[in-house]
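First the structure, in the form of structure tokens, and then the observations on it.
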Amino acid sequence: MKDNNKSHINYKEHWNKVYSSNDMTDLGWYEEIPKPSLDFISECGLDKNAVILDVGSGATTLIDSLIQQGYRNIIATDISTIALERSKTRLSKENSAFVKWIVDDITNTQNLENTLIVDLWHDRTVLHFLTEKEQQAGYLATLKQVVKKGGYVIIAVFSLEGAKKCSGLDVVNYDQKMISEFLGNDFELIKYLDHLYINPSGGERPYVYTLFRRESI
Ligand SMILES: C[S@@+](CC[C@H](N)C(=O)[O-])C[C@H]1O[C@@H](n2cnc3c(N)ncnc32)[C@H](O)[C@@H]1O
């Protein structure tokens, strides 16, 4: 039976359990090299001091890659304290200093600074977990609050052909048009990519990657 009332799910607990009971390399979204994200980020032509916010960062190797590429102003935010600890302890102390670690629920932020202005919002597989209108509205309000005019948004989620669940949770499947409608007219779709991700168990997971630019005025 479909669970139509998600309000009882404690998402922080859920995700902390996922990260404490699995090796990072076994997670169904693990990437040794996050190539599609890196390719999309390089399209933005950002300065190395640009503020990059990785939403629902988890324990992703994207952080390592960005530091390696010389980015020096990275913010990793996630609802799971344990996920961010995993990334932080993997990095050297010197490299970890290039990252601000912020535990927060992106649908109802308390700890992301109100004044935060970011050049790039990167989300790989968070939006699709937001199945309730209220959660989606909270996510969008934060995005609009923090992404600067002329800034970029990368959102990668399970595509319409993709899985209907992940990590035991229902997901909403998208195509590039749906993400475009979700963001609204201020955000221009620059490119998208249908990407077949193969997870660590060999399962095929079709994703759609999208890159948007916010109007500059
Ligand atoms: C499938 S994982 C992807 C992690 C990472 N982006 C990657 O590509 O490896 C989804 C992540 O979203 C985080 N997450 C889920 N709901 C969230 C929310 N409401 N606010 C912030 N993070 C959330 C989870 O803790 C988890 O780390």
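Just so you know, ligand 1 is whichever comes first in the structure, and atom 1 is the first atom listed for that ligand. As the structure is a prediction and not an experimental result, all values here were calculated from the model. Below, all heavy atoms of this structure are taken into account, side chains as well, without hydrogens, waters or symmetry copies.
Scored by the ring pair (Phe, Tyr, Trp, His ring centres under 6.0 Å) test, His14 finds no partners at all (sequence neighbours excluded). By the side chain to side chain contact (heavy atoms under 4.5 Å, CB included) test, Lys35 is found to be paired with Asp39, residues two or more places apart in sequence or in another chain being considered.
For atom 10 (C) of ligand 1, the candidate residues are Val18, Asp104, Thr125, Thr60; the nearest heavy-atom contact is made by Thr125. Comparing Ile79, Thr142, Val55 by heavy-atom distance to atom 23 (C) of ligand 1, the nearest is Ile79. Across Arg124, Glu31, Met24, heavy-atom proximity to atom 7 (C) of ligand 1 is greatest for Arg124.
The shortest contact between atom 18 (C) of ligand 1 and any protein heavy atom is with Asp105 OD1, 3.7 Å. For atom 20 (N) of ligand 1, the nearest protein heavy atom (residue, atom name, distance) is Ile106 N, 2.9 Å. Ranking protein heavy atoms by distance to atom 25 (O) of ligand 1, first place goes to Asp78 OD1, 2.6 Å. Protein heavy atom at the shortest distance from atom 16 (N) of ligand 1 is Trp15 NE1, 3.9 Å. Shortest contact from atom 26 (C) of ligand 1 to any protein heavy atom: Tyr19 OH, 3.4 Å. Considering only non-hydrogen protein atoms, atom 12 (O) of ligand 1 sits nearest to Val126 CG2, 3.5 Å.
Annotation for Lys93: atom NZ does not count as buried by contact number, only 12 or fewer foreign heavy atoms lying within 6.0 Å. Open room surrounds NZ on Lys148; 12 or fewer heavy atoms of other groups in view lie less than 6.0 Å from it. Counted within 6.0 Å of NZ on Lys48, heavy atoms from surrounding residues, nucleotides or ligands total more than 12; the atom is thus considered enclosed.
Not a single heavy atom of Tyr139 lies less than 4.0 angstrom from ligand 1. Close to ligand 1: Trp29, with a non-hydrogen atom less than 4.0 angstrom away.
Close placement of the Tyr207 and Phe158 rings is indicated, their centers lying within 6.0 Å of each other.
Looking at heavy atoms from C-beta onward, Leu38 lies in side-chain contact with Leu62 at the 4.5 angstrom threshold.
Residue contacts with ligand 1, taken as heavy atom pairs separated by less than 4.0 Å, do not involve Tyr30 at all. Under 4.0 angstrom from ligand 1, the non-hydrogen atoms of Ser57 all belong to its backbone.
Each of the following atoms of ligand 1 lies closer than 4.0 Å to a heavy atom of Gly58: 27 (O).
Checking side-chain atoms of Gln135 against main-chain N and O of Glu132 turns up a donor-acceptor pair under 3.5 Å. A donor-acceptor pair under 3.5 Å is formed between the side chain of Asp104 and the backbone N or O of Leu112.
Stacking of Arg124 on the aromatic ring of Tyr197 is recorded, both the 6.0 Å distance cut-off and the 45° axial limit being met.
For the pair Thr107 and ligand 1, the shortest N or O to N or O distance does not fall below 3.5 Å. Considering backbone and side-chain atoms alike, Gly56 places an N or O below 3.5 Å from some N or O of ligand 1.
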